[in-house]
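Computed from heavy atoms alone, side chains included, the values below leave out hydrogens, waters and symmetry copies. If you read the sequence from its start, that first residue is 1, and numbering goes on from there. Computed from a predicted model, the values in this text were never measured in an experiment.
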Amino acid sequence: NLSKEKHESLKEYFLAMVQGRLQYDEFYALKDVSLDIMPGDFYGLVGLNGSGKSTLLKTIAGVYKPSKGKVTVNGTIAPLIELGAGFDMDLTARENIYLNGTVLGFSPKYLDEKFDEIVEFSELENFLDVPLKNYSSGMVARIGFAIATITKPDILIADEVLSVGDFLFQQKCEKRMQELMAGGTTVILVSHSIEQIERMCSKVAWLSHGHLKMNGDTATVCAAYILCLYSDHILNFFDHSLRLCTGKIDLVDHRHNVQVVIQSQVGVGKGLRLDTLRCIDNEQRAVACGKASGNLIVEVNMARGVNHV
C-alpha cells in the first residue's frame, strides 16, 4: 500500500491511525505473474524501469515474500541483485570477500581455498586493502560477481550487474555464465541491452507495469518488445478487437528508421492474434533486433484465433 499523506512524526501517524484518517492507494509491484523456469535455462527479463523486474528477482531469491501465490525454488541461489548488497563499504575488499562469502553460505575454510581465484577473476589484486567505499561501481560488481560464481550454484540471478563493468569484464562475465549454464546452472538475467539478451538467453519474459505481457522464445519476445518501444500506439497485441490490414507504417526513431510491416492473411476484422513476429533486413533475412542499424523492419504476421501468449 502507498500512503496518500505525509506524516511528520510517529505521533501524527498514530493519531491518524486511531482516528481512521490513514488513506492508502493499493499498488501491486507484480500481479498475476506466472513463470516456469526449468533447470539449465538461460532466462532473460526485459521491460522498462518500474516494470517489476527487480521485484520479481527479489521474490525468487527470497528477499520478498509474495502477498498472494507462491514461489517454488529447487536448489541453491547465488543472487547478484543490488550493487553492494552483502558488503560493508567501510571494510576492505579482502574483508568483504569473507563477509559476502559468508552471507552466501560459504565457510571461511572454503573461502581461504578460493581466495586467490576470486582475486584473480576480479582483477583487483592491487586494491585488496582499500575500503569498498573508495571503489567505483564497476569494481564492486567485479568483486560481487567473482564471489557469487566461485562455486556452481543451481540458480544464478543477475540484475543489471554487467551494465556497470567495462567491455572486457562483461565478456569475461558472460563467458563465466555460459560455463555455469553448460554445467547445469539456471541463469536469470535482467538487462536493458536487447542485444545482450538476444545473444545470451534462450527464453525471455517481458514485464510491463507489474504484469507479464509476453513470455516465450527470445527472438519473438525481443522483436515484440522492440516494436512496442518504437510504436506502442500502433499495435496492441492482446486486444482481440484489433483491426489490422496488410500494409507498412514508417516511423522515425533516434537510432533507426523503423518500418513496421504488417502481414495479415485474414484481412480486417476482429479476433486477430499475433502469429509470428521477427526483425528482418532489406533482403528479408532475419536479424537480431538489438544489432540492427539503419533501417529496421519488424515483420508482424497476424492470424485468426485466440492469443495464448
Side-chain angles (χ1 to χ4, degrees), residues 37 39-43 45 53-66 70-166 169-170 172-191:
I37 302 177
D41 280 349
F42 203 129
Y43 219 95
L45 296 178
K53 303 185 299 299
S54 295
T55 302
L56 178 57
L57 291 189
K58 290 177 181 178
T59 304
I60 294 172
V63 178
Y64 294 153
K65 183 178 180 181
K70 65 177 182 178
V71 177
T72 302
V73 177
N74 298 313
T76 59
I77 297 179
L80 291 167
I81 297 177
E82 287 187 3
L83 199 61
F87 291 116
D88 186 329
M89 305 307 284
D90 290 321
L91 298 180
T92 65
R94 186 186 304 275
E95 294 166 327
N96 270 292
I97 288 175
Y98 287 92
L99 174 62
N100 189 259
T102 302
V103 170
L104 293 177
F106 303 144
S107 67
K109 182 180 179 180
Y110 181 80
L111 292 170
D112 284 337
E113 296 171 355
K114 296 292 185 178
F115 185 86
D116 291 340
E117 191 176 339
I118 293 171
V119 174
E120 181 183 357
F121 186 88
S122 66
E123 301 174 355
L124 296 173
E125 296 91 342
N126 298 327
F127 305 95
L128 281 178
D129 296 309
V130 176
L132 248 63
K133 63 184 179 183
N134 296 325
Y135 273 33
S136 67
S137 58
M139 294 169 73
V140 175
R142 283 171 177 256
I143 289 287
F145 190 90
I147 298 170
T149 59
I150 200 62
T151 186
K152 189 182 82 65
D154 296 311
I155 304 168
L156 175 65
I157 294 176
D159 186 2
E160 282 292 330
V161 174
L162 303 183
S163 64
V164 296
D166 57 68
F169 190 71
Q170 285 182 14
K172 194 174 183 179
C173 291
E174 288 182 12
K175 183 179 178 181
R176 174 65 69 88
M177 286 194 287
Q178 294 288 359
E179 291 172 352
L180 290 173
M181 194 178 73
T185 295
T186 301
V187 181
I188 307 174
L189 175 67
V190 166
S191 177

Are [X] and [Y] packed together at the side-chain level, in the sense that at least one heavy-atom pair is separated by less than 4.5 angstrom?
| X | Y | answer |
| --- | --- | --- |
| Phe87 | Val103 | no |
| Met139 | Phe169 | no |
| Asp159 | Lys53 | no |
| Leu132 | Leu91 | no |
| Ile188 | Leu156 | no |
| Asn100 | Phe106 | no |
| Asp41 | Val187 | no |
| Thr92 | Leu128 | no |

Under the ring pair (Phe, Tyr, Trp, His ring centres under 6.0 Å) test, residues paired with Phe127 that sit two or more places apart: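 Phe127 satisfies ring pair (Phe, Tyr, Trp, His ring centres under 6.0 Å) with no other residue.
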
Inter- and intrachain pairs under salt bridge (Lys or Arg N to Asp or Glu O under 4.0 Å), touching residues 182-191, at least two apart: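 Sorted result for residues 182-191: empty, none.
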
Listed once per pair and sorted, the salt bridge (Lys or Arg N to Asp or Glu O under 4.0 Å) pairs that draw on residues 94-103, sequence neighbours left out: Arg94-Asp129

Can you name the residues that form a side-chain hydrogen bond (donor to acceptor under 3.5 Å, both in side chains) with [X], not counting sequence neighbours?
| X | result |
| --- | --- |
| Tyr43 | Asn215 |
| Thr186 | none |
| Thr59 | none |
| Thr149 | Arg176 |

Test salt bridge (Lys or Arg N to Asp or Glu O under 4.0 Å) applied to Lys152 - qualifying residues, sequence neighbours left out: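 Partners of Lys152 under the salt bridge (Lys or Arg N to Asp or Glu O under 4.0 Å) test: none.
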
Over all atoms of both residues, closest heavy-atom pair of Pro153 and Leu180: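 Reported closest heavy-atom pair: CD-CD2, 4.2 Å.
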
Closest heavy-atom pair and its distance - Leu111, Thr102: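 So the two residues come closest at CD1-N, 4.1 Å.
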
Partners meeting side-chain contact (heavy atoms from CB on, under 4.5 Å) with Asn134 (sequence neighbours left out):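 Once residues adjacent in sequence are excluded, the partners of Asn134 under the side-chain contact (heavy atoms from CB on, under 4.5 Å) criterion are Val130, Pro131.
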
Test side-chain contact (heavy atoms from CB on, under 4.5 Å) applied to Ala146 - qualifying residues, sequence neighbours left out: Ile118, Phe121, Ser122

Side chain to side chain donor-acceptor pair (under 3.5 Å) contacts in which one or both residues fall within residues 112-121, not counting sequence neighbours: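 As it turns out, the side chain to side chain donor-acceptor pair (under 3.5 Å) pairs with a partner in residues 112-121, which skip direct neighbours, are Tyr98-Asp112.
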
Straight-line distance of [X] [atom1] to [Y] [atom2], nearest 0.5 Å:
| X | Y | atom1 | atom2 | result |
| --- | --- | --- | --- | --- |
| Arg142 | Lys172 | CZ | NZ | 7.0 Å |
| Thr55 | Tyr64 | OG1 | OH | 6.0 Å |
| Leu45 | Leu57 | CG | CG | 5.5 Å |

May I have the list of side-chain donor-acceptor pairs in residues 72-79 shorter than 3.5 Å, sequence neighbours left out?
| residue | atom | partner | partner atom | Å |
| --- | --- | --- | --- | --- |
| Thr76 | OG1 | Asp154 | N | 3.2 |
| Thr76 | OG1 | Asp154 | OD2 | 3.2 |

